[in-house]
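Following: one structure in structure tokens, then a few remarks.
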Amino acid sequence: MVLHTSKELDLRDSAKVGIFFPKAKSECVLLAAAKVGGLLVNSSFHADCICDNLSGQTNTIHQAHLHGVKTLVLLGSVPITTKSCLCAM
């Protein structure tokens with residue numbers, strides 16, 4: 001199993017992700033990386049979390065495809081609120 005922190009491998013950087021995949025030679029990728037901050041951060045910085053997360057996911061999925069990864073599991077969660085809901089769902 002290969003684990004990296006965001007300081008070691010920034011998944012938003014397509015060039016770095018492209019360099020990483022040939023070295024890793026992975027058959028399975030469990031993608032659980034995400035920028036999170038909860039409801040306050042999501043409401044204060046509307047697009048930052050989703051843009052960073054989509055960028056990292058897109059780069060990872062693309063490189064996994066190019067390098068013949070057989071299985072990719074994308075884990076994620078999203079806080080959901082509505083005007084009529086008293087708490088996050």
Side-chain angles (χ1 to χ4, degrees):
M1 182 176 284
V2 178
L3 302 171
H4 288 285
T5 66
S6 59
K7 290 181 183 177
E8 296 168 329
L9 178 61
D10 185 350
L11 297 178
R12 298 170 299 172
D13 187 329
S14 60
K16 290 180 181 177
V17 177
I19 292 168
F20 168 77
F21 263 88
K23 293 178 182 178
K25 300 178 183 174
S26 300
E27 290 185 20
C28 177
V29 172
L30 301 174
L31 181 54
K35 179 178 181 177
V36 296
L39 295 173
L40 179 60
V41 171
N42 287 345
S43 63
S44 300
F45 304 98
H46 304 286
D48 292 350
C49 289
I50 192 72
C51 287
D52 285 349
N53 291 339
L54 286 173
S55 175
Q57 292 165 0
T58 301
N59 291 334
T60 303
I61 293 166
H62 180 66
Q63 289 299 325
H65 171 70
L66 291 179
H67 291 92
V69 170
K70 294 180 179 11
T71 304
L72 187 139
V73 178
L74 174 60
L75 305 173
S77 65
V78 177
I80 301 171
T81 59
T82 65
K83 290 181 182 180
S84 60
C85 182
L86 298 176
C87 63
M89 299 188 305

Look up atom [atom1] in [X] and atom [atom2] in [Y], then write down how far apart they are to the nearest 0.5 Å.
X   : Y   : atom1 : atom2 : answer
T58 : L11 : OG1   : CG    : 11.0 Å
R12 : L54 : CZ    : CG    : 12.5 Å
T71 : L30 : OG1   : CG    : 9.0 Å
F21 : N59 : CZ    : CG    : 9.5 Å
L72 : Q63 : CG    : CD    : 12.0 Å

Hydrophobic clusters here meaning ILVMFWY residues chained together by side-chain heavy-atom distances under 4.5 Å, can you tell me if [X] and [Y] are in one?
X   : Y   : answer
V69 : I19 : no
L66 : L74 : no
V2  : I61 : yes

Quiz prompt | Within 6.0 angstrom of H4 NE2, more than 12 heavy atoms from elsewhere | solution = yes
Exercise. Kindly give the heavy-atom pair with the smallest separation between D10 and V17, and that separation in Å.
Key: O-CG2, 4.0 Å
Practice problem: Please name the pair of heavy atoms, one in H67 and one in P22, separated by the smallest distance, quoted to 0.1 Å. | Solution: NE2-CG, 3.4 Å
Practice problem: Applying side-chain contact (heavy atoms from CB on, under 4.5 Å), run through T60 and V29 and close with a yes or a no. | Solution: CA-CA 9 Å; T60 303; V29 172; 4.2 Å; yes
Practice problem: Please identify each residue that fulfils side chain to side chain contact (heavy atoms under 4.5 Å, CB included) with T5, with sequence neighbours left out. | Solution: K7, E8
Exercise. Not counting sequence neighbours, list each pair that qualifies as a side chain to side chain donor-acceptor pair (under 3.5 Å) and has a residue in residues 13-32.
Key: none
